[in-house]
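Working notes, beginning with the structure itself.
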Amino acid sequence: MTTHAPRTAQAVTLPTTLDEAVAALAALPAAVPVAGGTDLMAAVNSGQLRPAALVGLGRISEIRGWQYQDGHALLGAGLTHARMGRPDFAALIPALAAAARAAGPPHIRNAGTLGGNIASAAPTGDALPVLAALEATLVIAGPGGARREIPVSHLLAGVEMLRGGELIGYVRVPLLHAPQVFLKATGRTGPGRALASVALVLDPARRGVRCAVGAIAPMPLRPLEAEQWIAGLIDWDNDRALVPEALHAFGEYVAAACIPDPAPEPDGTVAPLPPAVLHLRRTVAALARRALGRALS
């Protein structure tokens with residue numbers, strides 16, 4: 001597993017179906033599921049994790065594609081970032097494809113999977129704000145062929161957790177057939193770890209705007225009041241027109257909701273935000289403003 005750790009005997013199971021994988025996890029409670037291994041191997045090499053057993057998910061073909069189902073796309077948890085970045089997938093869910101293309105260098109995109117991005121729940125996971133904005137749900141596979149469905153946001157917030165022997169099998173995403181955008185700011189040129197990211201989707205059927213901000217908190221943040229406010233200003237019957245001033249105000253509204261001012265002191269004074277936090281707020285405002293502008297253009 002790593003040159004930095006002593007070699008130990010490990011059980012490795014390679015199931016070919018989702019139910020076989022669940023059964024293997026139930027039989028080996030200490031086992032760790034692994035697909036692309038991009039996060040797992042980093043934890044192993046840093047000494048943070050020493051798995052006693054592994055259940056490899058790479059041979060489960062049923063979770064490596066997608067299908068249409070009742071106005072939704074049912075995405076297999078084994079879809080790689082590289083596969084989601086291709087043009088045919090981008091035509092289906094543009095924001096998720098954009099996030100997949102920004103997920104890192106080629107070797108990470110070729111190995112990393114959608115389910116792994118969700119299960120690891122790293123705050124900088126590029127797919128997470130997109131799934132939050134799309135209000136996606138997870139299809140969880142459990143022992144005995146059981147299936148249950150929970151919102152992605154519930155898992156990321158810790159409201160609902162995976163139980164023993166359960167795996168993320170699929171991600172159900174509504175097909176909105178409307179503009180959607182993913183943007184992120186990094187500390188270096190090219191694909192890299194996000195300092196802040198914004199996913200924005202339009203929902204013309206409900207005359208709504210959904211926005212999620214990633215990387216600045218342990219989970220994606222939804223500025224619901226900003227969404228409702230801007231949706232009320234858009235002329236949905238006239239090419240979704242919006243006055244230019246509203247774009248700037250929306251960005252500021254989103255940023256202030258996600259990075260609020262400090263609470264007042266007992267004497268009523270409010271301390272200014274530290275320069276680094278103020279810069280992050282300005283970054284979020286710019287990303288939100290640009291994302292909405294692109295979605296409406």
Side-chain angles (χ1 to χ4, degrees), residues 1 8-41 43-44 48-81 83-84 89 92-93 96 111-122 125 127-128 130-132 134-175 218-220:
M1 296 292 291
T8 57
Q10 291 175 323
V12 179
T13 305
L14 300 174
T16 57
T17 70
L18 192 56
D19 287 332
E20 286 178 4
V22 169
L25 288 173
L28 297 168
V32 175
V34 56
T38 54
D39 291 321
L40 174 67
M41 291 309 301
V44 169
Q48 298 176 357
L49 183 66
R50 292 288 183 267
L54 298 174
V55 176
L57 309 179
R59 296 185 180 181
I60 306 177
S61 59
E62 63 188 285
I63 62 171
R64 298 182 69 85
W66 70 83
Q67 56 185 294
Y68 301 101
Q69 190 178 81
D70 300 325
H72 292 70
L74 192 64
L75 311 178
L79 274 170
T80 64
H81 299 306
R83 184 65 191 88
M84 291 187 292
F89 190 92
L92 189 71
I93 312 174
L96 192 54
T113 63
L114 177 62
N117 210 218
I118 299 168
S120 63
L128 304 185
V130 178
L131 296 175
L134 289 168
E135 297 182 347
T137 57
L138 301 175
V139 179
I140 308 297
R147 300 290 187 270
R148 66 186 181 101
E149 196 160 335
I150 64 173
V152 170
S153 58
H154 283 199
L155 181 68
L156 298 178
V159 175
E160 296 186 66
M161 304 295 289
L162 293 180
R163 302 165 186 162
E166 288 189 329
L167 279 172
I168 299 172
Y170 303 92
V171 183
R172 191 187 306 277
V173 179
L175 297 176
M219 59 172 289

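Computation of the quantities below employed the complete heavy-atom set of this structure, encompassing side-chain atoms and omitting hydrogens, waters and symmetry-equivalent molecules. Throughout, numbering of the chain's residues begins at 1 and tracks the sequence.
Here the closest non-hydrogen pair linking G56 and P15 is O-CD, 3.1 Å. Residue A24 comes nearest to V55 through the heavy atom pair CB-CG2, 4.0 Å, listed as atom of the first residue, atom of the second, then distance. Closest approach of V22 and A141 over heavy atoms only: CG2-O, 3.7 Å. L57 approaches P33 most closely through the heavy-atom pair CD1-CB, 4.2 Å. Minimum interatomic distance between A136 and V173 (heavy atoms only, all atoms of both residues): CB-CG2, 4.0 Å. The shortest heavy-atom contact between A77 and T113 is O-CB, 3.5 Å.
By the 4.5 Å heavy-atom criterion applied to side chains, I140 and I168 are counted as neighbours. Side-chain contact between W66 and R83: present, with at least one pair of heavy atoms (C-beta onward) separated by less than 4.5 Å. Residues I93 and L75 form a side-chain contact, since some pair of their non-hydrogen atoms from C-beta on lies under 4.5 Å apart. With a 4.5 Å cut-off on side-chain heavy atoms, V12 and L14 count as touching.
Under a cut-off of 6.0 angstrom, the local environment of CZ in R147 is crowded, with over 12 non-hydrogen atoms contributed by other residues, nucleotides or ligands.
By the side-chain hydrogen bond (donor to acceptor under 3.5 Å, both in side chains) test, S120 is found to be paired with D39, residues two or more places apart in sequence or in another chain being considered.
Atom OG1 of T13 is separated from atom CG of L54 by 8.5 Å, given to the nearest 0.5 angstrom. For the atom pair CE (M219) and CG (L128), the distance works out to 9.5 Å, reported to the nearest 0.5 Å. Note that the CG atom of L25 and the CG atom of L167 stand 5.0 Å from one another [nearest 0.5 Å]. Between atom CG of residue L96 and atom CG of residue L79 there is a gap of 8.5 Å, rounded to the nearest 0.5 Å. Rounded to the nearest 0.5 Å, atoms NE2 (H72) and CG (L175) are 7.5 Å apart.
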Report, one line per pair, each donor and acceptor closer than 3.5 Å where one atom sits in a side chain of residues 148-160; sequence neighbours left out.
unit_1, atom_1, unit_2, atom_2, d
R148, NE, E166, OE1, 3.4
R148, NE, E166, OE2, 2.9
R148, NH2, M161, O, 2.9
R148, NH2, E166, OE1, 2.9
E149, OE1, R172, NE, 3.4
E149, OE1, R172, NH2, 3.2
E149, OE2, T137, OG1, 2.7
E149, OE2, R172, NE, 2.8
H154, ND1, E160, OE2, 3.0

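Tested against L114, the residues L131, I63, T80 include a single side chain to side chain contact (heavy atoms under 4.5 Å, CB included) partner, L131.
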